[in-house]
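Notes to accompany the following structure.
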Amino acid sequence: MKKKSLATIVAILCVAVLVGAWFGIYALAVNFGTTTITLDTSKTYQTMNGFGASSAWNYQEMGRKANDDTIKQAIEMLYGDSGLGLNTFRYNVGAGGEEVDTYEDPLRGAESFFVKENFNGEYSAFSDPSNYDFTRDEAVRKMFEKALATGNIKQIVFFANSPHYLMTLNQKTHGETPYVNNLKEECYEAFSDYMLVIVDALCKKYNIGNDVKIFISPVNEPQWKWGDDRENKATQEGCHYDPVALAKFYDVFYKKLTEFNKANSTDYIMDIFESGNYKMILSKRTNFNEYMTEFEKYDYFKDLTHISVHSYGADMSKYYRNVFADYMEKYYPQINVTVSEYCTLEWEVDKTMNMGLHFGKVVMRDLAILNATDWQHWLSIAIGNVDKGVGDYEDAFVYWLTEKEEEHNKEGHEHKDDVLDVSKRYYVMGQFSKYVQQGSVRIKSGYSDFMQMNGLECVAFENPDGSIVLITLNDSDRVRNIKIKGGYAHVKEIVTNDDENWKISEYENNGSLQISGNSVTTFVFTK
């Protein structure tokens with residue numbers, strides 16, 4: 001027995017040495033050798049609709065106070081060809097409410113088009129367009145109009161964080177008691193009418209054509225408790241819905257929407273359900289699956305083309321994405337996934353490439369693992385202080401930097417012009433949004449470092465024009481050599497790293513490429 005035990009130990013040690021040696025050789029090979037990336041257009045995944053961001057909160061301030069040149073520049077940076085070229089505009093439909101001044105930031109509530117003085121106690125008032133004033137929300141509409149003028153907006157998502165306050169149990173645009181449904185059940189039809197009247201009026205006002213897809217998303221992050229046991233702690237508009245209540249509301253909304261489309265020859269699309277995050281597939285309370293199970297009980301479910309989710313809290317995790325992707329593939333393979341909100345949720349804006357790489361992994365993994373057909377950021381614009389040179393919170397692409405009002409109003413104070421600032425996250429977003437065209441199809445992009453030890457990740461698409469877009473992320477300090485299998489003659493290379501932003505090079509492809517350290521690099525291949 002002792003001899004057998006000794007032999008066993010020796011055998012285990014030998015195997016361990018061999019495995020360790022293999023790992024060592026493998027690590028050296030992938031770190032100092034060449035990684036082969038194979039682009040396979042015969043293996044396809046999701047079709048991309050585009051990239052976007054929301055108008056929430058700060059458009060109300062910028063559209064009112066910033067000069068026209070600053071507004072024009074900001075919109076160009078977001079939606080213009082020289083900027084990110086975003087094609088999706090998320091329009092925040094406000095809920096009104098008198099309590100917004102109690103929020104830490106009053107901009108976290110939004111003006112309503114409905115004229116409260118026209119409410120006589122009958123909820124049918126919300127179905128009458130004459131009870132609305134569409135000269136309101138002027139600041140947001142000004143920026144919306146400029147975004148439309150770029151000609152790049154192909155999708156608009158009209159979303160609401162809360163029903164109009166006259167429809168809620170507490171007559172406010174946020175809950176006060178945790179996990180209580182704040183929308184009155186008798187107001188399901190009124191809230192549906194409210195969204196339809198507003199969306200239709202804005203589409204007509206701005207002559208939005210049939211080439212632009214219109215989505216209506218009346219509910220946002222229904223799982224959150226949207227209430228606090230402590231007094232006056234609400235920070236923004238928000239409304240909780242239990243699974244049963246939400247499924248029933250969507251049934252009412254979908255029937256209203258279907259009738260409206262038929263009567264008005266419109267093609268508005270219901271967007272559900274802006275889930276707080278896809279990690280909730282694993283949560284015990286307000287589990288994602290509980291909502292889906294309730295939705296399935298209604299006829300509208302068979303017509304769903306997609307489910308919208310948020311990436312908050314998942315950050316770079318492959319595990320959460322794989323769990324959710326496996327769940328959707330197993331139970332709902334016919335339904336696409338849209339990522340409709342994300343921001344980093346960190347105080348102080350990190351302008352370094354480290355944050356750019358962090359952000360890049362979020363986007364890349366949502367596309368490559370979740371098969372997201374759309375990717376939309378939370379805020380497009382945030383407000384910061386010009387003296388700090390950046391914003392206060394990691395939640396926007398563009399930072400509008402202004403002086404504090406008390407400083408600006410001091411007698412004899414020398415005024416500092418407002419400026420616009422961005423971080424590396426902005427440029428990393430452009431590595432995707434500027435080159436992955438609407439209608440592109442994700443293709444297989446396998447690489448030889450199957451253990452992913454050299455810091456490289458990639459995702460690839462075939463554009464409608466036949467070009468191939470390969471986006472690579474290298475979070476190591478070393479230059480990585482890659483070999484491309486696919487037979488593409490011409491290369492356009494775009495690089496964002498510590499020192500460069502969207503640096504463009506064009507050359508003929510000899511099959512061997514280099515990726516700089518700590519970079520996101522986009523290759524556009526043409527034959």
Side-chain angles (χ1 to χ4, degrees), residues 35-53 79 81 83-88 152 154-155 213 305-306 311 318 321 325 328-329 336-340 342 356-357 359-377 427-448 452 456-474 482-496 502 504-506 509 511 513 515 519-527:
T35 299
T36 299
I37 297 178
T38 303
L39 302 175
D40 184 357
T41 57
S42 68
K43 180 63 175 176
T44 60
Y45 304 92
Q46 77 271 29
T47 298
M48 289 298 299
N49 295 318
F51 300 86
Y79 300 100
D81 292 335
L84 296 178
L86 302 178
N87 74 340
T88 304
N152 288 335
K154 301 303 179 185
Q155 299 187 133
K213 285 186 177 181
T305 58
H306 71 283
S311 271
K318 293 181 181 180
R321 287 173 174 82
M328 291 298 294
E329 178 62 28
N336 290 323
V337 174
T338 293
V339 174
S340 55
Y342 173 78
L357 293 169
F359 177 74
K361 289 179 182 179
V362 172
V363 180
M364 184 172 287
R365 292 172 184 179
D366 282 345
L367 299 179
I369 301 175
L370 288 188
N371 293 314
T373 60
D374 301 71
W375 202 92
Q376 299 155 16
H377 197 258
Y427 294 106
V428 168
M429 182 76 260
Q431 297 284 149
F432 294 85
S433 61
K434 290 171 72 67
Y435 302 100
V436 178
Q437 301 169 4
Q438 185 178 34
S440 66
V441 178
R442 186 166 73 85
I443 63 173
K444 185 176 181 179
S445 52
Y447 45 102
S448 58
Q452 300 179 18
L456 278 182
E457 292 186 43
C458 66
V459 65
F461 299 85
E462 183 174 16
N463 279 329
D465 64 8
S467 62
I468 300 295
V469 177
L470 171 66
I471 305 165
T472 64
L473 187 150
N474 179 10
I482 64 171
K483 182 179 180 180
I484 299 295
K485 285 189 176 181
Y488 302 99
H490 187 75
V491 183
K492 180 178 181 180
E493 176 188 291
I494 306 94
V495 180
T496 292
W502 296 347
I504 297 176
S505 305
E506 295 197 48
N509 180 26
L513 305 170
I515 302 174
S519 70
V520 178
T521 303
T522 301
F523 298 98
V524 181
F525 298 103
T526 52
K527 292 192 174 182

Any sub-3.5 Å donor-acceptor pair from [X]'s side-chain atoms to [Y]'s backbone N or O?
| X | Y | value |
| --- | --- | --- |
| Lys485 | Gly511 | no |
| Glu493 | Ile515 | no |
| Asn463 | Tyr435 | yes |
| Glu462 | Val441 | no |
| Asn509 | Tyr488 | yes |

Find out whether [X] and [Y] are in side-chain contact, i.e. whether some heavy atom of one side chain is under 4.5 Å from a heavy atom of the other.
| X | Y | result |
| --- | --- | --- |
| Tyr342 | Asp366 | no |
| Met48 | Phe432 | no |
| Gln155 | Asp374 | yes |
| Thr338 | Gln376 | yes |
| Asn336 | Thr305 | no |
| Met429 | Val520 | no |
| Val459 | Val363 | no |

Closest non-hydrogen atom pair, [X] against [Y]:
| X | Y | value |
| --- | --- | --- |
| Gln437 | Pro464 | OE1-CD, 3.2 Å |
| Gly50 | Thr88 | C-OG1, 4.4 Å |
| Leu367 | Phe461 | CD1-CZ, 4.0 Å |
| Ser519 | Val495 | CB-CG1, 4.4 Å |
| Ile494 | Lys492 | CD1-O, 3.8 Å |
| Leu456 | Ile482 | CD1-CG2, 3.8 Å |

(request) Indicate whether any N or O donor in one side chain lies under 3.5 Å from an N or O acceptor in the other, for Ser467 and Asp465. (result)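 On atom types as modelled, these side chains qualify, holding a pair under 3.5 Å.
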(message) Checking Thr496 against Gln431: is there a side-chain donor and acceptor pair closer than 3.5 Å?
(response)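 Yes, side-chain donor-acceptor contact under 3.5 Å.
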(message) Working note: Ile37 + Leu513, criterion side-chain contact (heavy atoms from CB on, under 4.5 Å); need CA distance, chi angles, decisive distance, verdict.
(response) CA-CA 10 Å; Ile37 297 178; Leu513 305 170; over 6 Å; no
Rounded to the nearest 0.5 Å, how far apart are [atom1] of [X] and [atom2] of [Y]?
| X | Y | atom1 | atom2 | value |
| --- | --- | --- | --- | --- |
| Asp40 | Ile443 | CG | CD1 | 7.5 Å |
| Asn49 | Lys213 | CG | NZ | 5.0 Å |
| Met364 | Ile369 | CE | CD1 | 10.5 Å |
| Ser311 | Arg321 | OG | CZ | 5.0 Å |

(request) Check the pair Ile484, Phe523 against side-chain contact (heavy atoms from CB on, under 4.5 Å), reporting the backbone distance first and the verdict last. (result) CA-CA 11 Å; Ile484 299 295; Phe523 298 98; 6.0 Å; no
(request) Run the numbers on Val469 and Lys434 for side-chain contact (heavy atoms from CB on, under 4.5 Å), then give the verdict. (result) CA-CA 11 Å; Val469 177; Lys434 290 171 72 67; over 6 Å; no
(message) Can you tell me which residue among Thr44, Thr373, Thr47, Asn371 is in a side chain to side chain donor-acceptor pair (under 3.5 Å) with Arg442?
(response)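 Answer to the side chain to side chain donor-acceptor pair (under 3.5 Å) test with Arg442 among Thr44, Thr373, Thr47, Asn371: Asn371.
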(request) Run the numbers on Thr41 and Ile468 for side-chain contact (heavy atoms from CB on, under 4.5 Å), then give the verdict. (result) CA-CA 9 Å; Thr41 57; Ile468 300 295; 3.9 Å; yes
(request) Return yes when atom NZ of Lys154 has more than 12 non-hydrogen atoms of other residues, nucleotides or ligands closer than 6.0 Å, and no otherwise. (result)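 Correct, the count exceeds 12.
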(request) Let me know which of Trp375, Tyr79, Phe51 forms a side chain to side chain contact (heavy atoms under 4.5 Å, CB included) with Ser433. (result)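 Of the listed residues Trp375, Tyr79, Phe51, the side chain to side chain contact (heavy atoms under 4.5 Å, CB included) partner of Ser433 is Phe51.
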